[in-house]
> 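Quick one: the structure is below, and I'll ask about it shortly.
As the structure is a prediction and not an experimental result, all values here were calculated from the model.
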Amino acid sequence: MASLSLSSKPSPTTSSLSTPNSRDLILRFQNPNSISFRSSLVSPSSIELNRTGCCALNAGRVRSRICASSTQVMDQSPSETSSGVPTIVEVDLGNRSYPIYIGSGILGQPELLQRHVHGKRVLVVTNNTVAPLYLDKVVDALTKGNPNVSVESVILPDGEKYKNMDVLMKVFDKAIESRLDRRCTFVALGGGVIGDMCGYAAASYLRGVNFIQIPTTVMAQVDSSVGGKTGINHRLGKNLIGAFYQPQCVLIDTDTLNTLPDRELASGLAEVIKYGLIRDAKFFEWQENNMQALMARDPDALAYAIKRSCENKAEVVSLDEKESGLRATLNLGHTFGHAIETGFGYGQWLHGEAVAAGMVMAVDMSYRLGWIDDSIVKRVRDILQRAKLPTAPPDTMTVEMFKAVMAVDKKVADGLLRLILLKGPLGSCVFTGDYDRKALDETLRAFSKS
Ligand SMILES: NC(=O)c1ccc[n+]([C@@H]2O[C@H](COP(=O)([O-])OP(=O)(O)OC[C@H]3O[C@@H](n4cnc5c(N)ncnc54)[C@H](O)[C@@H]3O)[C@@H](O)[C@H]2O)c1
Ligand SMILES: [Zn+2]
């Protein structure tokens, strides 16, 4: 079995505050066909990622800069966002790089947004839940001191079931009726549904216009607004139509979470927990110590969790923008979770709830394979319970329902279902089709009716 180690020294220009970047990079690929990182991106059958390798990426490629005087370390809650000075996490994608601004009240800082608006015409895409809460604020931020800018808005119906081609047309209708030209900017204001739809509209309107994300759910702030995946659902499957299209910037005002329902908050935390499990044990430990604060919406705890999640996602996306390998690890628990979302009917369980149960199943399977010890199994259950997330699928799920959905999973290659599983100490995972089928069957049987 061939294995490859890559190492790179940190760039001298990188801030010493970028905690994980000060170590060398070691990525190991256990694929006999894989002779380099690039070739491993073609279609690796197995990628092994330990915490060092996954987190300590080339500091020159991934810069996460912290503005002003913030000096937080991993296991302390930060305080810089309370002062209104945003934290900036940079997504490094060459000439498509962009900043993620994170902070409390930063929608009240027009210059942050305005510096990323191209042209004089803006179209804000939002929905009928978020518009009454934040649309005026965003229009103010776009126009304050900037009378030459004119802002249109389109307000879509709220819900995953409207993430489709018919509703997307309303965005194009508005843009065309308003005679927006190539120099316009689309702004997504809302959760992941709005972000994905607006992004896809921006990718295809006049073959691509500028695009800004203002995510307002935890799910969107820690996951969907970062990394450029955009799209809509088809009646035969979720997110089947879409494009990779990166925004000009992501602006995360943590104050918008004050109006988010508790269940939506918890759903987003499932993705936060995921980052800890797949690549960041220290972050997982921080979450174990701070889950109560997160659930109580402590602004500093939330800001830190969002920042660390964005850093993790930015690092992965910078290395594998189009999901040829490494990026797939962000889908821990999602194969089982998708089966739950599909089998149980969309809308019954939120995405993060299904992912939480899916992560427990992936962890169970990893344990059955002998790849992790039982303390990790217990810690995963405990943290999810403390986040008030499910730790098992709904009891209507059958083995056959899981198998039917898993057979058409996007990660099936040459008839082989590749899964993200934990292997080794906390914070290490593999993306592999190389596992004992018996373990999968046992996990499915343990968590569902036969
Ligand atoms: N592109 C990606 O990489 C990616 C990653 C993960 C998820 N997603 C997609 O994201 C979607 C799920 O995102 P979501 O969980 O944000 O769901 P969502 O967009 O449906 O938002 C959840 C609910 O919260 C409401 N809401 C949003 N912000 C609010 C606020 N500040 N206050 C009060 N209510 C608010 C919304 O109107 C909605 O009712 C799915 O379609 C999923 O496919 C995409
Ligand atoms: Zn997800």
Side-chain angles (χ1 to χ4, degrees), residues 91 93-101 106-107 109-128 130-131 134-157 162-216 220 224-233 239 241-253 321-322:
V91 183
L93 290 167
N95 61 5
R96 284 169 293 107
S97 298
Y98 55 93
I100 305 166
Y101 302 109
I106 61 173
L107 268 178
Q109 297 177 31
E111 68 285 358
L112 280 184
L113 201 52
Q114 289 180 14
R115 72 172 78 138
H116 297 282
V117 170
H118 294 192
K120 295 188 171 124
R121 313 282 311 275
V122 177
L123 177 64
V124 180
V125 180
T126 187
N127 72 24
N128 52 9
V130 177
Y134 303 111
L135 181 55
D136 286 350
K137 212 167 188 166
V138 168
V139 173
D140 280 354
L142 287 162
T143 53
K144 198 166 175 191
N146 200 11
N148 293 333
V149 162
S150 73
V151 181
E152 313 287 340
S153 60
V154 55
I155 298 175
L156 305 179
Y162 299 109
K163 190 178 163 184
N164 60 34
M165 196 58 96
D166 286 348
V167 177
L168 186 73
M169 274 306 152
K170 293 187 189 306
V171 179
F172 296 128
D173 291 349
K174 184 75 190 180
I176 295 165
E177 283 159 18
S178 307
R179 299 182 200 282
L180 298 186
D181 64 19
R182 281 222 169 100
R183 291 265 305 152
C184 71
T185 298
F186 283 16
V187 175
L189 172 65
V193 169
I194 287 295
D196 281 12
M197 291 183 80
C198 178
Y200 186 47
S204 39
Y205 183 63
L206 304 177
R207 300 197 179 83
V209 295
N210 296 304
F211 164 48
I212 291 173
Q213 289 265 21
I214 306 182
T216 60
S224 64
S225 68
V226 177
K229 276 195 190 177
T230 71
I232 55 170
N233 301 329
N239 295 330
I241 300 161
F244 285 98
Y245 198 65
Q246 303 293 346
Q248 305 295 311
C249 77
V250 180
L251 195 140
I252 298 175
D253 188 333
E321 185 184 2
K322 303 260 167 90

> For the residue pair Lys163 and Gly231, what are the closest heavy atoms and their distance?
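Distance-wise, the nearest heavy atoms are CE-O, 3.3 Å.
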
> Can you tell if the side chain of Ile252 reaches within under 4.5 Å of the side chain of Thr216, non-hydrogen atoms only?
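The answer is no, as the side chains (C-beta and beyond) never meet within the 4.5 Å cut-off.
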
> Are the side chains of Arg121 and Arg183 in contact, using a 4.5 Å heavy-atom criterion?
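Of all side-chain heavy-atom pairs linking Arg121 with Arg183, none is under 4.5 Å.
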
> Would you say the ring centers of His118 and Phe211 fall short of 6.0 Å from each other?
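Judged by ring-centre distance (under 6.0 Å), His118 and Phe211 do not meet the cut-off.
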
> Could you check Leu180 against Phe186 for side chain to side chain contact (heavy atoms under 4.5 Å, CB included), going step by step and ending with a plain yes or no?
CA-CA 10 Å; Leu180 298 186; Phe186 283 16; 4.2 Å; yes

> Under a 3.5 Å distance rule, please check whether Gln114 uses its side chain to pair with a backbone N or O of Lys144 as donor and acceptor.
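Yes, the answer is positive, given that a donor and an acceptor are paired below the 3.5 Å cut-off.
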
> If you count every heavy atom of other residues, nucleotides or ligands that lies below 6.0 Å from Tyr162 atom OH, does the total exceed 12?
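Result for OH/Tyr162: open.
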
> Compare every heavy atom of Ala131 with every heavy atom of Ile155, then report the nearest pair and how far apart it is.
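Closest approach of Ile155 to Ala131, heavy atoms only: CD1-CB, 3.8 Å.
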
> Counting only N and O atoms by type, is there a donor-acceptor contact under 3.5 Å from the side chain of Asp253 to the main-chain atoms of Leu107?
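Yes; at least one donor-acceptor contact below 3.5 Å.
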
> Quick one: CG on Asp140 to CG on Leu113, what's the gap to the nearest 0.5 Å?
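It is 11.5 Å, given to the nearest 0.5 Å.
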
> Taking the side chain as C-beta and beyond, is there a heavy-atom pair between Asp196 and Lys229 under 4.5 Å?
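No; the side chains remain at least 4.5 Å from each other.
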
> Looking only at heavy atoms, what is the nearest atom pair of Leu251 and Pro215, with distance?
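The answer is O-CD, 3.3 Å.
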
> How many angstroms lie between atom CG of Asn146 and atom NZ of Lys120, to the nearest 0.5 angstrom?
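These two atoms lie 9.5 Å from each other.
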
> Compare every heavy atom of Gly228 with every heavy atom of Tyr98, then report the nearest pair and how far apart it is.
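Heavy atoms of Tyr98 and Gly228 come nearest at OH-N, 4.1 Å.
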
> For a 4.5 angstrom cut-off between non-hydrogen side-chain atoms, does Leu93 reach Gln246?
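With C-beta onward as the side chain, the pair touches.
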
> Rounded to the nearest 0.5 Å, what separates atom CD in Gln248 from atom CZ in Arg96?
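Going from the CD atom of Gln248 to the CZ atom of Arg96 covers 11.5 Å.
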
> With sequence neighbours excluded, what pairs up with Val124 under the side chain to side chain contact (heavy atoms under 4.5 Å, CB included) test?
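Val124 satisfies side chain to side chain contact (heavy atoms under 4.5 Å, CB included) with Val122, Leu135, Val138, Leu142, Val151, Ser153, Val187, Leu189 only.
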
> Verify, without hydrogens or angle tests, whether Arg182 (side chain) and Leu206 (backbone) share a donor-acceptor contact under 3.5 angstrom.
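Indeed, once roles are kept as given, a pair shorter than 3.5 Å links the two residues.
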
> Heavy-atom distance under 4.5 Å between the side chains of Ile194 and Asn127, does that happen here?
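Answer yes - side chains close enough.
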
> What orientation do Tyr101 and His116 show, parallel under 30°, tilted 30 to 60°, or perpendicular over 60°?
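Correct class here is tilted.
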
> Would you say the ring centers of Tyr200 and Tyr245 fall short of 6.0 Å from each other?
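Judged by ring-centre distance (under 6.0 Å), Tyr200 and Tyr245 do not meet the cut-off.
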
> Looking at every heavy atom in both Ala220 and Ser225, which two are closest together, and how far apart are they?
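What the structure gives for the nearest pair is O-OG, 2.8 Å.
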
> Closer than 3.5 angstrom, by distance alone: can the side chain of Thr230 be matched with the main-chain N or O of Ala243 as a donor-acceptor pair?
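Side chain of Thr230 to backbone of Ala243: a pair is present.
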
> Judged by atom type as modelled, is there a donor-acceptor pair below 3.5 Å linking the side chain of Asn233 to the main-chain atoms of Asn239?
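Confirmed, Asn233 side chain pairs with Asn239 backbone.
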
> A quick test of your reading: do over 12 heavy atoms of other residues, nucleotides or ligands sit less than 6.0 Å from CZ of Arg115?
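More than 12 within 6.0 Å, yes.
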
> When rounded to the nearest 0.5 angstrom, what distance separates CG in Leu123 from CZ in Phe172?
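Output value for this atom pair is 10.5 Å.
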
> Looking only at heavy atoms, which two atoms of Thr143 and Val139 are closest? And how far apart?
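So the minimum-distance heavy-atom pair works out to OG1-O, 2.7 Å.
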
> With a 4.5 Å cut-off on side-chain heavy atoms, are Asn164 and Ile232 touching?
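Result no, sub-4.5 Å side-chain heavy-atom pair not found.
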
> Check whether any side-chain N or O of Ser178 sits under 3.5 Å from a backbone N or O of Ala175 as a donor-acceptor pair, and report yes or no.
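No, Ser178 side chain to Ala175 backbone: no donor-acceptor pair under 3.5 Å.
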
